[in-house]
Each structure stands twice: as structure tokens, then as C-alpha cells.
Amino acid sequence: PPPPPPPPPIFFYKLTRAYAILSGLVGSEMCIRDRLVQSGKRWLFRTCPDLGDKLKLENYIRPKLQLPNNEDKLLLHSCCAPCSGEIIEGLAASKIKTTVYFYNPNIQPVDEYEIRKDENRRFCEDVGFDCIDGDYEKDKWFERIKGLEDEPERGERCTKCFDMRFERSALYAYENDFSIYATTLGISRWKDMDQINQSGHRSASRYKNISFWDFNWRKYGGSSRMIEISKREHFYQQEYCGCVYSLSCLLYTSDAADE
């Protein structure tokens, strides 16, 4: 027989946050729609893998990072503070001069956008990195993804969203004497890294002497340390990726709610 359909989309349900907090999930790791797997006729939550002691934040000896082509500074597109924490601390430990660029017109509503932007700025100030506030061009974002409203997560709508954010990041790099830029989006295990990297390189190719650094921030426990840092810093714990379509895709089942 065909598999049962996914549970219906709902908006914030109290147990969604309760489950996420009890499981130690923060930020993009709290996108509940990405944590459901099918088991028979029920939909169950994935669990986070345990992190070896040597890779935990308190024990981890950070390797020295080196920018490609011996570049001496980096423009880092940041999607949110929870995804940025591990990356920013790694760059700071390697003494890489970094400017953080917050350009995310996909985030709605505006109050949510302001909260995420302020959390990002707060952490940058603590570390000593400059944080640039890009324009909040939500109307242009809706124009960009028009006709793709019903696309699934990781589909063409997400590609267009990444393209818009990275094209602006590459333009800022070009206009402000950066030769290389990167993004924090790829650290989440629930994003398509190939989709992100392809968009990053495609956007960089629009400008002469601009390249995209597709470093794998997940490796050596990066995704798990991201969670540790988010909890340590008491970052605001967002419950969806950002756009109204990811908000409407928060999934939950009546069986899970009863538990």
C-alpha cells in the first residue's frame, strides 16, 4: 500500500517547542518539518547523534583555518545567530578578519526578522566582528519566488531564495574590496549543501575576481557544536527556516501531540 501522507501543516503548537527544548535543539535545528521520518503508519522525530568527547566544545582543539588563495579577509553571509556561532568562533580562533553580512529578505514577519538580526549583531559585537545590515527587500523576494509557492523544501523555491541572497552578498563583496565570501547556511544538517554551494559559486561568477568559499562547516562535529554554542549564548530559538512557506510547513501529528 502507498505510504501514509505527511501530517497536516499547522502553526505553532506548544509541544513543538517543548520537544525541541527537551531535545536540546536550537535555531535551524528546530525546523520540525525536517525532523520527521516515516515509521510504518506513524511519523517520528529524528534524534541528534551523540558527539564524541574530543569534538565537544569544551574539549575541541580548533585547527587553524586558511582562506583559499591566501586571502586575508572574508565576507560571511549570515542567516541567523544559531547557525553562525560555531563558524564565527572558528574564524575568530584562526584570526581571519571577517565581516558578517546579514541579508535575508526571506524572513517573515518583520518582527521575526528584527529579532534574528539583533541576535546576530549581538554575537558579532561580543566577538569583535563588524556586522553589516543588508536591506530588508521582502517585496523583491516575493517577486523572485513568484510561481514557486507550492515547491517543497529544498526545491526550486529554495534555490531562487539562495540565489537572491548570495547575489547580493557577492555584489557587496565586489563593491567593498572583498575577494571571497562564504555563508553560514550550509552548517545545518537539514539543508542541501550541494544546492547551497552551487548557488554560492553561481553568484560569485557574476563578478570578476570574486569567489565563494564552500568550506564544509559540518565536519568534525561542527553542526553539534553549533547547538552547544547556541545554548551557551542563549540565542533566540527560531522554530522555522524563515519564509512564510517554511512557517506553514511546521508539521506535527495528533499522535505526537498526545504524547
*Asks:* So, applying side chain to side chain donor-acceptor pair (under 3.5 Å) with Asn104, which one of Arg165, Glu137, Lys138 is it?
*Replies:* Arg165

*Asks:* Looking at Gly134, is its backbone amide N or carbonyl O close enough to the side chain of Arg168 to form a donor-acceptor pair, meaning the two atoms are under 3.5 Å apart?
*Replies:* no

*Asks:* Which salt bridge (Lys or Arg N to Asp or Glu O under 4.0 Å) pairs, counting each pair once, include a residue from residues 76-87, with sequence neighbours left out?
*Replies:* Arg62-Glu86, Glu86-Arg225

*Asks:* Applying salt bridge (charged side-chain N to carboxylate O under 4.0 Å, His left out) to Arg116 and Glu112, what does each step give before you reach the verdict?
*Replies:* CA-CA 6 Å; Arg116 298 192 194 188; Glu112 178 78 14; 2.8 Å; yes

*Asks:* With the threshold set at 4.0 Å, does a side-chain nitrogen-carboxylate oxygen contact exist between Lys140 and Asp135?
*Replies:* no

*Asks:* Determine whether Gln238 and Ile115 satisfy the following criterion, side-chain contact (heavy atoms from CB on, under 4.5 Å), listing intermediate values before the conclusion.
*Replies:* CA-CA 9 Å; Gln238 65 237 31; Ile115 290 172; over 6 Å; no

*Asks:* Minimum heavy-atom separation for Asp177 and Lys73, please, with both atom names.
*Replies:* O-CE, 2.8 Å

*Asks:* In Å and rounded to the nearest 0.5 Å, what is the CD1 to OG1 distance from Ile196 to Thr159?
*Replies:* 10.0 Å

*Asks:* Are Ile180 and Pro68 packed together at the side-chain level, in the sense that at least one heavy-atom pair is separated by less than 4.5 angstrom?
*Replies:* yes

*Asks:* Give me each pair satisfying side chain to side chain donor-acceptor pair (under 3.5 Å) with a member in residues 143-152, each pair once, sequence neighbours excluded.
*Replies:* Arg144-Glu167

*Asks:* Could you state whether Val100 and Met226 fall into the same hydrophobic cluster, counting links through intermediate Ile, Leu, Val, Met, Phe, Trp or Tyr residues with side-chain heavy atoms under 4.5 angstrom apart?
*Replies:* yes

*Asks:* Evaluate the criterion side-chain contact (heavy atoms from CB on, under 4.5 Å) for residue pair Met164 and Ser199; output intermediate values, then yes/no.
*Replies:* CA-CA 9 Å; Met164 180 177 180; Ser199 177; over 6 Å; no

*Asks:* Do Glu153 and Ser246 have side-chain atoms, one donor and one acceptor, less than 3.5 Å apart?
*Replies:* no

*Asks:* Can you sort out the partners of Phe142 under ring-ring contact (aromatic ring centres under 6.0 Å, His included), two or more places apart, ordered by chain and number?
*Replies:* none

*Asks:* Hey, does Tyr236 have a side-chain heavy atom less than 4.5 Å from the side chain of Asp118?
*Replies:* no

*Asks:* Is there a donor in the side chain of Asn120 and an acceptor in the side chain of Ser78, or the other way round, less than 3.5 Å apart?
*Replies:* yes

*Asks:* How far does CG of Asn106 sit from OH of Tyr136, to the nearest 0.5 angstrom?
*Replies:* 8.5 Å

*Asks:* Roughly how far, to the nearest 0.5 Å, is the CD atom of Glu119 from the CD atom of Gln237?
*Replies:* 10.0 Å

*Asks:* Is it true that Lys160 and Asp163 make a salt bridge, defined as a side-chain N closer than 4.0 Å to a carboxylate O?
*Replies:* no

*Asks:* Checking Trp213 now: which residues fulfil ring-ring contact (aromatic ring centres under 6.0 Å, His included) with it, not counting sequence neighbours?
*Replies:* Phe215, Trp217

*Asks:* As a test of understanding, state which of Phe166, Phe162, Tyr101 forms a ring-ring contact (aromatic ring centres under 6.0 Å, His included) with His77.
*Replies:* Phe166

*Asks:* Any heavy-atom pair between the side chains of Ile96 and Leu65 that's under 4.5 Å?
*Replies:* yes

*Asks:* Would Lys97 and Asp72 count as a salt bridge (charged side-chain N to carboxylate O under 4.0 Å, His left out) here? Give the steps.
*Replies:* CA-CA 7 Å; Lys97 184 178 180 181; Asp72 61 355; over 6 Å; no

*Asks:* Specify the closest pair of heavy atoms between Gln108 and Val244, including all atoms of both residues, with the distance to one decimal.
*Replies:* OE1-CG1, 3.0 Å

*Asks:* If I compare all heavy atoms of Leu185 with all of Lys191, which pair ends up nearest, and what's the gap?
*Replies:* O-CG, 3.6 Å

*Asks:* Could you check Asn197 against Phe212 for side-chain contact (heavy atoms from CB on, under 4.5 Å), going step by step and ending with a plain yes or no?
*Replies:* CA-CA 8 Å; Asn197 289 340; Phe212 176 72; 3.5 Å; yes

*Asks:* Applying the 4.5 Å side-chain criterion to the ILVMFWY set and letting contacts propagate, would Ile132 and Leu171 be lumped into a single cluster?
*Replies:* yes

*Asks:* Tell me the salt bridge (Lys or Arg N to Asp or Glu O under 4.0 Å) pairs involving residues 214-224, sequence neighbours left out?
*Replies:* none

*Asks:* For Tyr103 and Tyr172: C-alpha separation, side-chain torsions, deciding distance, then whether ring-ring contact (aromatic ring centres under 6.0 Å, His included) applies.
*Replies:* CA-CA 10 Å; Tyr103 178 72; Tyr172 186 90; over 10 Å; no

*Asks:* Which atom names give the shortest non-hydrogen contact between Ala170 and Ser203, and what distance separates them?
*Replies:* CB-O, 3.7 Å

*Asks:* Are Tyr181 and Tyr174 an aromatic pair, judged by ring center distance below 6.0 Å?
*Replies:* no

*Asks:* In Å, rounded to the nearest 0.5 Å, how long is the span from CG of Leu76 to OG1 of Thr99?
*Replies:* 9.5 Å

*Asks:* Are Ile229 and Val127 linked, directly or through other ILVMFWY residues, by side chains that come within less than 4.5 angstrom of each other?
*Replies:* yes

*Asks:* Under 4.5 Å between side-chain heavy atoms, counting indirect links through other Ile/Leu/Val/Met/Phe/Trp/Tyr residues: same cluster for Ile107 and Tyr245 or not?
*Replies:* no

*Asks:* At what distance, to the nearest 0.5 angstrom, does OG1 of Thr98 lie from NZ of Lys95?
*Replies:* 12.0 Å

*Asks:* Please report the shortest heavy-atom distance between Cys158 and Gln195, naming the atom on each side.
*Replies:* CB-NE2, 3.9 Å

*Asks:* Quick one: pull up CZ in Phe102 and SG in Cys131 and give me the separation to the nearest 0.5 Å.
*Replies:* 8.0 Å

*Asks:* Give a yes or no answer on whether the side chain of Ser223 reaches the backbone of Ile187 with a donor-acceptor pair at less than 3.5 Å.
*Replies:* yes

*Asks:* Quick one: closest heavy-atom pair of Cys124 and Ile88, and the distance?
*Replies:* SG-CD1, 4.1 Å

*Asks:* Do any N or O atoms from the side chain of Ser205 and from the backbone of Arg202 form a donor-acceptor pair under 3.5 angstrom?
*Replies:* yes

*Asks:* Under the salt bridge (Lys or Arg N to Asp or Glu O under 4.0 Å) rule, collect the residues that match up with Asp126, sequence neighbours excluded.
*Replies:* none

